[in-house]
Structure formats: C-alpha cells, structure tokens
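Take a look at the structure below.
Chain letters run A, B, ... following the sequence lines, proteins first, then strands; residues in each count from 1.
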2 protein chains.
Amino acid sequence: MFFSRTFAALADPNRQSILQTLKKGEAPVAIIAENLQISLATISHHLDILKRADLVSSRRSGRQIFYNLNMSVMEEISEALLKFIGSKKTKK
Amino acid sequence: MFFSRTFAALADPNRQSILQTLKKGEAPVAIIAENLQISLATISHHLDILKRADLVSSRRSGRQIFYNLNMSVMEEISEALLKFIGSKKTKK
DNA sequence: TTGATAATTAGATATATATCTAATTATATA
DNA sequence: TATATAATTAGATATATATCTAATTATCAA
C-alpha cells in the first residue's frame, strides 16, 4: 500500500548504514563498503533495493558508480506519518 | 539499528490496513478483521508484530481484546527522518 | 459446570529476503 | 588488444516472514 517498499528498505540495518554513509555526500561503492562487513555483491543488492525504493540515485563516472541520497521520499514519509497522526480521532 | 522493527512493521499492507482501522478509535479484533481477507490467526500474528513495534497497545474487556493506536513511535520516526534529512550536508 | 464466543498459540508450509561465491559487464589503461 | 579495476548479475542457500488449519486459553452465560 503506502510506501511499503520504502518502509521495507528502511528496515534493514545494513541499508540504514548505507544511508548514513551517503548523508556525508555521494560515494562510490568502495566507500560505502568500508562501513559494512558484507560482500560487494550483497551491497549491490542493497543498493538496488534502496534505488527501487527511491531512497538513492546513482551516476556512473568512469569505472565507479556514485550513489546519492534522495531525500524527497523521506520527506514524503515524514509528512504522511504526521498527517496520519494528525487525522486520528482523539477521544474526549 | 534505528526503528528497524517499526519500519518492518509498517512495511506490510495488511498491517497498514489495521493501523488505518485503528485511526478511527480502538477496536476489537472482529472489527479489525472486517477490512482484511486473512484468517484470525494471521491477524493475531500481525497485531503481535505491531505491538512489539510499539505501534499499538491492547486491553481486554470481557471476551474481547481492544487494540489501540500508539502515535508516539510514529512521531519519533517522523522526527528522526526530518532530523536525518536536515543533517545532510547539502552540496554547494 | 457445560457450551459458546473471542482471541491467541502451535505447528506446518510456501514465499521472500539476505547472504555468499563465481561469472559477467563496463570502463580505463598499458 | 589484453589486463586490471569497479561494480552488477546469476545461481545457490539459509533464515525470516506471511499464511493456513487445528488446538488452546480466557471469559461469559445458561
């Protein structure tokens, strides 16, 4: 339903770690990998999930692929949560 | 890491549907079940997950158990997301 | 106390996810 | 063009998750 893919993407600790790394600015996979103890193949897989959740984007530069944070979806989720909370009928 | 359990809980469409139902106020399982096409056992399982993610609470009244939305965690997540976004180094 | 009702728990299963190693693709450079 | 580098894709596997039916627990009412 709403943001299912994004919530699922945000639920994994390794993916959260990737997002933390990207907070400092765009980075190639090698840099992202420095903070993780999993294989490059698995990191690629996580990056794919983050991409399909619209949480990151990527661009190739030479042999490297740089990943970038995409903040708009997080904003949308934050807003949706606040709206959800706000719309709740509060009892007496 | 951060809110992993809650993000995972929010990722499932049936659980989202449960939260939507509870937005109108507390409800027993039978009412929650009206909007879902899955067994009561599975609904119990989803309610357990929502409870362990602190998204709902419950109280027994006679033979029924009433479930209730817990908004504080959603607030926390919303804030954490905004903080995360805000703390990102924006380039030039 | 017996039976009915409301919900959870147990046990099984099918699907999804995270992970790995090995193979492949894309790019740069000697 | 051959080789090295950066990353992804393929294929396999183990674990987690969603789901079901059947059994159990808790409560109420006859």
What is the distance, to the nearest angstrom, from the [atom1] atom on [X] to the [atom2] atom on [N]?
| X | N | atom1 | atom2 | result |
| --- | --- | --- | --- | --- |
| Asp12(A) | dA16(D) | CG | P | 13 Å |
| Glu34(B) | dA6(C) | CD | P | 12 Å |
| Arg60(A) | dT27(C) | CZ | C1' | 6 Å |
| Lys51(A) | dA7(D) | NZ | P | 12 Å |
| Leu47(A) | dT9(D) | CG | C1' | 14 Å |
| Ile43(B) | dC20(D) | CD1 | C1' | 13 Å |
| Gln64(B) | dA26(D) | CD | P | 18 Å |
| Phe7(A) | dT17(C) | CZ | P | 16 Å |

Nearest to the [X] side chain among [options], which nucleotide is it?
| X | options | result |
| --- | --- | --- |
| Pro28(B) | dC20(C), dT19(D), dA7(C) | dA7(C) |
| Val29(A) | dT8(D), dA18(C), dA18(D) | dT8(D) |
| Thr42(B) | dT19(D), dT5(C), dA22(C) | dT19(D) |
| Ile38(A) | dT8(C), dC20(C), dT19(D) | dC20(C) |
| Arg63(A) | dA26(C), dT8(D), dT8(C) | dA26(C) |

### Message
Heavy-atom nearest nucleotide on DNA chain C for Gly62(A) versus Ile49(A): which residue maps closer to 5'?
### Response
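Looking at the nearest nucleotide for each, Ile49(A) comes out on the 5' side.
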### Task
Evaluate the criterion side chain to side chain contact (heavy atoms under 4.5 Å, CB included) for residue pair Leu55(B) and Met71(B); output intermediate values, then yes/no.
CA-CA 7 Å; Leu55(B) 285 164; Met71(B) 291 177 298; over 6 Å; no
### Task
Indicate the atoms forming the closest heavy-atom contact of Ser58(A) with Ile65(A), along with that distance.
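Ser58(A) and Ile65(A) have their closest heavy atoms at CB-CG2, 3.8 Å.
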Report which part of the nucleic acid [X] touches: base, sugar-phosphate, or nothing (heavy-atom distance under 4.0 Å, all strands).
| X | result |
| --- | --- |
| Ala8(A) | nothing |
| Tyr67(B) | sugar-phosphate |
| Asn14(A) | sugar-phosphate |
| His45(B) | base |

### Query
Nearest nucleotide by nearest heavy atom, which residue falls closer to the 5' end of DNA chain D, Ser44(A) or Arg15(B)?
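First, find each residue's nearest nucleotide; the 5'-ward one identifies Ser44(A).
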#### Entry: Donor-acceptor side-chain pairing of Asn35(B) and Thr21(B) below 3.5 angstrom
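Yes.
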#### Entry: His46(A) vs dT19(C): side-chain N/O to OP1/OP2 distance below 4.0 Å
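Yes, His46(A) has a side-chain N/O under 4.0 Å of OP1/OP2 on dT19(C).
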### Query
Applying the side-chain hydrogen bond (donor to acceptor under 3.5 Å, both in side chains) test to Arg15(B), which of His46(B), His45(B), Gln20(B) qualifies?
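That would be His46(B); it is the only one of His46(B), His45(B), Gln20(B) passing the side-chain hydrogen bond (donor to acceptor under 3.5 Å, both in side chains) with Arg15(B).
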### Task
Kindly determine whether Glu26(B) and Tyr67(B) satisfy side chain to side chain contact (heavy atoms under 4.5 Å, CB included), including the steps that lead there.
CA-CA 5 Å; Glu26(B) 72 170 5; Tyr67(B) 281 84; over 6 Å; no
